[in-house]
Amino acid sequence: VQLQASGGGLVQPGGSLRLSCVASGSIFRFNAMGWYRQAPGKQRELVARITTGGSTNYPDSVKGRFTISRDNAKRTVSLQMNSLKPEETAVYYCDSEPPAPLWGQGTQVTVSS
């Protein structure tokens with residue numbers, strides 16, 4: 001089973017990015033999926049969750065700015081991030097929720113002017 005996250009990069013404060021994660025194997029089919037992030041020196045945190053049926057949950061810190069979605073046929077989970085803040089600079093990972101944990105290599109998001 002593998003998880004391949006992509007779409008990160010450098011963006012100015014207030015900007016947007018769209019992350020994607022392709023999952024191989026059965027992890028995607030039977031599990032809720034989540035996007036997580038880990039900033040240097042901080043614990044990994046969940047920033048978005050989506051069930052197999054498409055119900056979503058977000059912490060208050062990103063609610064209204066982040067949107068998670070999934071394409072079950074393509075085994076892809078995406079994260080649209082708007083109005084990004086410098087403190088959201090981190091490596092972003094996808095995994096099942098709760099995590100398997102598999103993590104993969106993640107994708108770096110840097111919010112800076």
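FYI, the numbering just counts along the sequence from 1. What's counted below: heavy atoms across the whole structure, side chains too, no hydrogens, waters or symmetry copies.
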task = Could you pull out all residues at least two apart from R44 that satisfy side chain to side chain donor-acceptor pair (under 3.5 Å)?
result = Q38

key: Distance in Å, N31 CG paired with T51 OG1, rounded so as to fall on 0.5 Å steps   = 11.0 Å

task = First locate atom SG of C94, then atom CG of L102, and finally report the distance between them rounded to the nearest 0.5 Å.
result = 9.0 Å

query = Within a strict 4.5 Å, meaning less than it, do heavy atoms of the C21 and Y92 side chains meet?
reply = no

key: Taking every non-hydrogen atom, the tightest pair across S96 and M33   = CA-SD, 3.8 Å

remark   = Minimal heavy-atom distance between T52 and F30, with the atoms involved, is CG2-C, 3.9 Å

request  = Would you give the length of the straight line joining atom CD of Q105 to atom CG of L3, rounded to the nearest 0.5 angstrom?
outcome  = 11.0 Å

ask   = Quick one: hydrophobic cluster around V91, which other residues, with the 4.5 Å side-chain cut-off, linked directly or via members?
value = Y36, L46, Y93, W103

key: Flag, side chain of T76 to backbone of V22, donor-acceptor distance under 3.5 Å   = no

CZ-CG distance between F28 and N72, expressed to the nearest 0.5 angstrom = 5.0 Å

request  = Taking the side chain as every heavy atom from C-beta outward, state whether L19 and R37 have any atom pair closer than 4.5 Å.
outcome  = no

task = Check S20 against S78 and note the closest heavy-atom contact, atom names and distance.
result = OG-OG, 3.6 Å

note = Closest heavy-atom pair, T107 versus G8, reported as atoms and distance to 0.1 Å, is OG1-N, 3.0 Å

key: salt bridge (charged side-chain N to carboxylate O under 4.0 Å, His left out) contacts in which one or both residues fall within residues 65-80, not counting sequence neighbours   = R65-E88

inquiry  = Would you compute the distance between atom CD1 of I27 and atom CG of D95 and round it to the nearest 0.5 angstrom?
reply    = 5.0 Å

query = Is it the case that more than 12 heavy atoms not belonging to Q2 sit under 6.0 Å from its CD atom?
reply = no

message = Do Q80 and S69 have side chains that approach each other closer than 4.5 Å (heavy atoms only, starting at C-beta)?
response = no

message = Could you report the tightest heavy-atom contact between P59 and V47, atom names first, then the distance?
response = CD-O, 3.3 Å

query = Can you tell me how far CG of L10 sits from CD of Q108, rounded to the nearest 0.5 angstrom?
reply = 10.0 Å

query = Which atoms form the tightest heavy-atom contact between P13 and S112, and what is the distance?
reply = CD-C, 3.6 Å

